[in-house]
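Data first, discussion second: the structure below is written as structure tokens.
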Amino acid sequence: MTDNPYGKYVQGEDVLTCLEETPRAIDAAVRGWSAGAFERSYAPGKWSARQLLVHLAHAEMVFATRLRFALATDDYVVQPFEQDDWMRIEPETAADAALAAYLALRRVNLACCRTLTPAQRARPLAHPEYGRIDVEWVMTMFAGHERHHVPQLEQVRSSKCEVRSK
């Protein structure tokens, strides 16, 4: 099985705990922000905080889909997606809507993940880029992926980062 590109962000931790705790950290990091604060970026040329939240909502949709197809479909092959193409589809999504969608989908996904047996977590699927993986790998990827973005949101919160134009 291919190394998980986001596994380092959750290494040594229980993946279910990570899936539960990280959304709370993200929510806390952006709580009370003004609309203008969401348009700040953590680095020149990078997505704004609002766009990061939209991206997290998109990723959670993908997690929901991959998880359920992997569990319900024999020989499931992941459909890759290009994050920048998805972002162009809905460039004006509000930060509060994206955050609410991400948090709600995570509650549903976490409830599903908590019911999985060891055999279900080991259920195989294929990814065009990563080869043969399993449901546990998918859970780890999405848990680590969002942890990758937490410092970016915290950096926006703690500094006067640049404002990105929509």
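Just so it is clear, the structure is predicted and the values come from calculations on it, not from any experiment.
Between Ala28 and Arg157, the shortest heavy-atom contact is O-NH1, 4.3 Å. The two residues Arg50 and Ala95 have their closest heavy-atom pair at CG-N, 3.6 Å. For the pair Val54 and Met87, the tightest heavy-atom approach, listed with the atom from each and the gap, is CG1-SD, 3.8 Å. Ala57 and Ala98 get closest at one heavy-atom pair: CB-O, 3.6 Å. Leu19 approaches Glu146 most closely through the heavy-atom pair CA-OE2, 4.2 Å. Residues Ala59 and Phe142 approach most closely at O-CE2, 3.3 Å, considering heavy atoms.
With rounding to the nearest 0.5 angstrom, the CZ atom of Arg106 is 7.0 Å from the OG1 atom of Thr22. In this structure, OG1 in Thr65 is found 10.0 Å from CD in Glu60, a value given to the nearest 0.5 Å. Here the OH-CG distance, from Tyr76 to Leu67, works out to 10.0 Å after rounding to the nearest 0.5 Å. Between Lys8 atom NZ and Asp3 atom CG the span is 11.0 Å, to the nearest 0.5 Å. In this structure, Glu90 CD and Gln51 CD are separated by 11.5 Å, a value rounded to the nearest 0.5 Å. The structure places CG of Leu52 at 11.0 Å from CZ of Phe38, a figure rounded to the nearest 0.5 Å.
Taking Ala126 as the reference, Val77, Arg132 meet the side-chain contact (heavy atoms from CB on, under 4.5 Å) condition, with sequence neighbours excluded. With sequence neighbours excluded, no residue forms a side-chain contact (heavy atoms from CB on, under 4.5 Å) with Pro151. Tyr102 pairs by the ring-ring contact (aromatic ring centres under 6.0 Å, His included) definition with nothing, not counting sequence neighbours. The salt bridge (Lys or Arg N to Asp or Glu O under 4.0 Å) search around Asp84 returns none, not counting sequence neighbours. Listed by chain and number, the residues in a side-chain contact (heavy atoms from CB on, under 4.5 Å) with Tyr9 are Tyr6, Arg147, His148 (sequence neighbours excluded). In this structure, Arg68 has no salt bridge (Lys or Arg N to Asp or Glu O under 4.0 Å) partners at least two apart in sequence or on a different chain. For Phe81, the ring-ring contact (aromatic ring centres under 6.0 Å, His included) partners are Trp86, not counting sequence neighbours. Residues meeting the side-chain contact (heavy atoms from CB on, under 4.5 Å) test with Asp74, sequence neighbours left out: Arg123. With sequence neighbours excluded, no residue forms a side-chain hydrogen bond (donor to acceptor under 3.5 Å, both in side chains) with Arg107. A search for salt bridge (Lys or Arg N to Asp or Glu O under 4.0 Å) contacts involving Asp14 returns nothing, not counting sequence neighbours. Arg24 pairs by the salt bridge (Lys or Arg N to Asp or Glu O under 4.0 Å) definition with Glu20, not counting sequence neighbours.
Cluster annotation: Tyr130 is connected to Phe69 through the hydrophobic network of ILVMFWY side chains, with a link wherever side-chain heavy atoms come within less than 4.5 Å. The hydrophobic cluster containing Val108 does not contain Val138, counting ILVMFWY residues as joined when their side-chain heavy atoms lie under 4.5 angstrom apart, directly or transitively. In the hydrophobic clustering of this structure, Leu110 groups with Trp137; members are Ile, Leu, Val, Met, Phe, Trp, Tyr whose side-chain heavy atoms approach within less than 4.5 Å, directly or through other members.
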Met139/Leu16 under side chain to side chain contact (heavy atoms under 4.5 Å, CB included): CA gap, chis, key distance, verdict:
CA-CA 8 Å; Met139 291 166 56; Leu16 290 174; 3.8 Å; yes
How far apart are the C-alpha atoms of Leu153 and Leu53, what are their side-chain angles, what is the distance that settles it, and do they pass the side chain to side chain contact (heavy atoms under 4.5 Å, CB included) test?
CA-CA 9 Å; Leu153 291 166; Leu53 293 173; 4.3 Å; yes
Step by step, work out the side chain to side chain contact (heavy atoms under 4.5 Å, CB included) result for Val135 and Gln120.
CA-CA 7 Å; Val135 169; Gln120 288 171 311; over 6 Å; no
Full working for side chain to side chain contact (heavy atoms under 4.5 Å, CB included) between Val15 and Cys113:
CA-CA 10 Å; Val15 71; Cys113 290; over 6 Å; no
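In this structure a side-chain-to-backbone donor-acceptor pair under 3.5 Å is missing from Ser48 to Ser41.
Under a 4.5 Å side-chain heavy-atom cut-off, the cluster of Ile, Leu, Val, Met, Phe, Trp and Tyr residues that includes Leu105 is completed by Met61.
Note: His145 and His55 have perpendicular aromatic rings, judged against thresholds of 30 and 60 degrees for the angle between ring planes.
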